[in-house]
Amino acid sequence: MSLISRGIGCDIVQTLMAGEFKDIVPPDRRSIRKVSVSNSRPHRRSKVHASESSADGEKKSSRFGVWTIAIGSVVVLALAFSYIFSGAKVEVTPKQRTVIVDGEFESYKNAGFGELAYEIMTVERELSKAVTATGEEDVLEKASGKLLVYNDHSSANQRLITNTRFETPEGLVYRINKSVVVPGQKKEDGKTVPGSVEVTVYADEPGEKYNIGLTDFTIPGFKGGPRFETFYARSKSSMTGGFEGVKKIVDEEDEAKARIALQADLREQLKSDARAQKPENFYLFDSATFVEFEAGQTKSSGSNAEVVEKGTLYGVIFEREEFAKFLAENTVGALEKGDTVELLTPENLTLNVPGNPFPWSEESFSFELSGNAYLIWTYSEDGLKEDLAGKSKSAIETVLSGYPSITSTNVVVRPFWKRSFPEEEDKIKLERIITAP
């Protein structure tokens, strides 16, 4: 070791010994107890406050975003709800009135202006009943069936007398057993069509050769004149029942009892059939139904005989709208131009038919009618919806000025804040308000 080194070392030792080294401490050996408190602590706190402030801002921004999304969703849902469930309900109170009906009336097959028209519906049925046979006998029976007779000659009606002949192309002759009237030509959809009537015909002779299928017929009595070509007939049913030979017979009293029972059953079944088959837009009163019976040919059935009875119901039917209008005009008075009415309670009316009429073979039908009729004026529902679609609610009075049969309305539009009817007609619902039964 050199002298210089020794000198320096001695100086250091002296310095330490003199206490001058008290502030010189190796960095890695400092004690925390000897380190003075630094003024940097407040600086750290300010950083914490800045961080907290930033977090609060982010939270507020996040909350604002959530609320914005929520409000937007509500608006979208409200708009969707208003579109899906939007619509309008209109309670419509039409003009209506109870009228007392009590009088005699006349109706016509070919009604003119201001007259009531009627039509005839026909229902047929056949029933049989087994009766103990009392023996056998030779019988001669004639075939029979239904024809439709046509008048394509003129608009004038044509009466055919009893025993008028109808002939097939093969020369077989059948006859009617009562007089009938064939209606004249009429207009349908701008075209002239022949009038027609249904008749029952019977073979000129007994025997099975007259049992034939559907065919055309001429009227020999018109041969040589213009009507021979314009009057004709066509089968509505096959010709059946022709027979010549041995059949079982029954006691007359037993047969009569069997036919009375069959007729009672036939009458009820025919009325039930008529009610089921009646066109929907027509009225049929039970008292305006008439049943004709025809004794069918007795059939053999083992040791018994089958008594056969045929029934034909003729029902007078009235078109609903025309019948209601006729009642209104004969009670309330003349209707306004374009007015139409509906009869709400036809069951409250009683129809009686005086005498013993045959309306199916005549041109008019007289009847008595009594009771209370509840009439309601009608309107075009489709037309009203079309006129309301897209209009402001306040425009309904203007729209209703074109519907004099409506006395008042009550409108509910959904959603409640809308002030106009939906553009789509199917979203407008109409409800008719009846103020009395």
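Excluded from the calculations below are hydrogen atoms, water molecules and symmetry mates; all remaining heavy atoms, backbone and side chain alike, are included. None of these values were measured; they are calculated from a predicted model.
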Visitor: Among residues two or more places apart or on two chains, list those pairs meeting salt bridge (charged side-chain N to carboxylate O under 4.0 Å, His left out) that have a residue in residues 142-154.
Guide: E124-K146
Visitor: Rounded at 0.5 Å granularity, tell me how far CZ in F217 sits from CG in L147.
Guide: 4.5 Å
Visitor: What residues, two or more places apart in sequence or in another chain, satisfy ring pair (Phe, Tyr, Trp, His ring centres under 6.0 Å) together with Y403?
Guide: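 Residues passing ring pair (Phe, Tyr, Trp, His ring centres under 6.0 Å) with Y403: none at all.
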Visitor: Evaluate the criterion ring pair (Phe, Tyr, Trp, His ring centres under 6.0 Å) for residue pair Y174 and Y210; output intermediate values, then yes/no.
Guide: CA-CA 9 Å; Y174 300 78; Y210 284 87; 5.6 Å; yes
Visitor: List in chain and number order the residues that pass side chain to side chain contact (heavy atoms under 4.5 Å, CB included) with K429, two or more places apart in sequence or in another chain; answer none if no residue qualifies.
Guide: none
Visitor: In Å and rounded to the nearest 0.5 Å, what is the CZ to OG distance from R419 to S394?
Guide: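 The distance works out to 10.5 Å.
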Visitor: Would you call K385 and E381 a salt bridge, using N to O less than 4.0 angstrom?
Guide: no
Visitor: May I ask you to decide if G241's main-chain N or O and Q297's side chain share a donor-acceptor pair within less than 3.5 Å?
Guide: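 Such a contact is found between Q297 side chain and G241 backbone.
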Visitor: Give, for atom CG of D216 and atom OG of S235, the distance between the pair rounded to the nearest 0.5 Å.
Guide: 7.5 Å
Visitor: Got a list of side-chain donor-acceptor pairs under 3.5 Å for residues 264-272, not counting sequence neighbours?
Guide:
{"unit_1": "Q269", "atom_1": "OE1", "unit_2": "R125", "atom_2": "NE", "d": "3.4"}
{"unit_1": "Q269", "atom_1": "OE1", "unit_2": "R125", "atom_2": "NH1", "d": "3.1"}

Visitor: Nearest 0.5 Å please: distance from the OG1 atom of T93 over to the CD1 atom of I406.
Guide: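 Here the interatomic distance stands at 9.0 Å.
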Visitor: By ring pair (Phe, Tyr, Trp, His ring centres under 6.0 Å), which residues pair with F105, not counting sequence neighbours?
Guide: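 Once residues adjacent in sequence are excluded, the partners of F105 under the ring pair (Phe, Tyr, Trp, His ring centres under 6.0 Å) criterion are F326, F367.
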Visitor: Can you list every side-chain hydrogen bond (donor to acceptor under 3.5 Å, both in side chains) pair that touches residues 110-122, not counting sequence neighbours?
Guide: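 Checked against side-chain hydrogen bond (donor to acceptor under 3.5 Å, both in side chains) - neighbours excluded - the pairs reaching residues 110-122 are N110-E363.
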Visitor: In Å and rounded to the nearest 0.5 Å, what is the CG to OG distance from L351 to S370?
Guide: 8.5 Å
Visitor: Of all residues at least two apart in sequence or in a different chain, which pass the side-chain hydrogen bond (donor to acceptor under 3.5 Å, both in side chains) check with E292?
Guide: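 Residues passing side-chain hydrogen bond (donor to acceptor under 3.5 Å, both in side chains) with E292: K178.
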Visitor: Please evaluate residues H153 and F231 with respect to the criterion side chain to side chain contact (heavy atoms under 4.5 Å, CB included), reporting the C-alpha separation (whole Å), side-chain torsions for both, the decisive distance (0.1 Å), and the verdict.
Guide: CA-CA 7 Å; H153 184 71; F231 279 86; 3.4 Å; yes
Visitor: Got a salt bridge between E198 and K236, using NZ or NE/NH1/NH2 to carboxylate O under 4.0 Å?
Guide: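 Result for this pair is yes, salt bridge flagged.
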Visitor: Who are the side chain to side chain contact (heavy atoms under 4.5 Å, CB included) partners of T298, not counting sequence neighbours?
Guide: E255, R259, A305
Visitor: Treating T345 as the side-chain partner and A373 as the backbone partner, does any N or O pair qualify as donor plus acceptor under 3.5 Å?
Guide: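 No, because the side chain of T345 does not come within donor-acceptor range (under 3.5 Å) of the backbone of A373.
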Visitor: Could you go through residues 314-322 and list every donor-acceptor pair under 3.5 Å that involves a side-chain atom there, pairing it with any protein atom two or more places apart or in another chain?
Guide:
{"unit_1": "E319", "atom_1": "OE1", "unit_2": "E321", "atom_2": "N", "d": "3.1"}
{"unit_1": "E319", "atom_1": "OE1", "unit_2": "E322", "atom_2": "N", "d": "2.8"}
{"unit_1": "R320", "atom_1": "NE", "unit_2": "E280", "atom_2": "O", "d": "2.8"}

Visitor: With sequence neighbours excluded, tell me which residues meet ring pair (Phe, Tyr, Trp, His ring centres under 6.0 Å) with F285.
Guide: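 Here the qualifying residues are F323.
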Visitor: What is the distance from atom CG of N410 to atom CD of E91, rounded to the nearest 0.5 Å?
Guide: 4.5 Å
Visitor: Sequence neighbours left out, what passes side chain to side chain contact (heavy atoms under 4.5 Å, CB included) with V246? Give chain and number order.
Guide: E136, D138
Visitor: Using the ring pair (Phe, Tyr, Trp, His ring centres under 6.0 Å) criterion, which residues pair with F282? Sequence neighbours excluded.
Guide: none
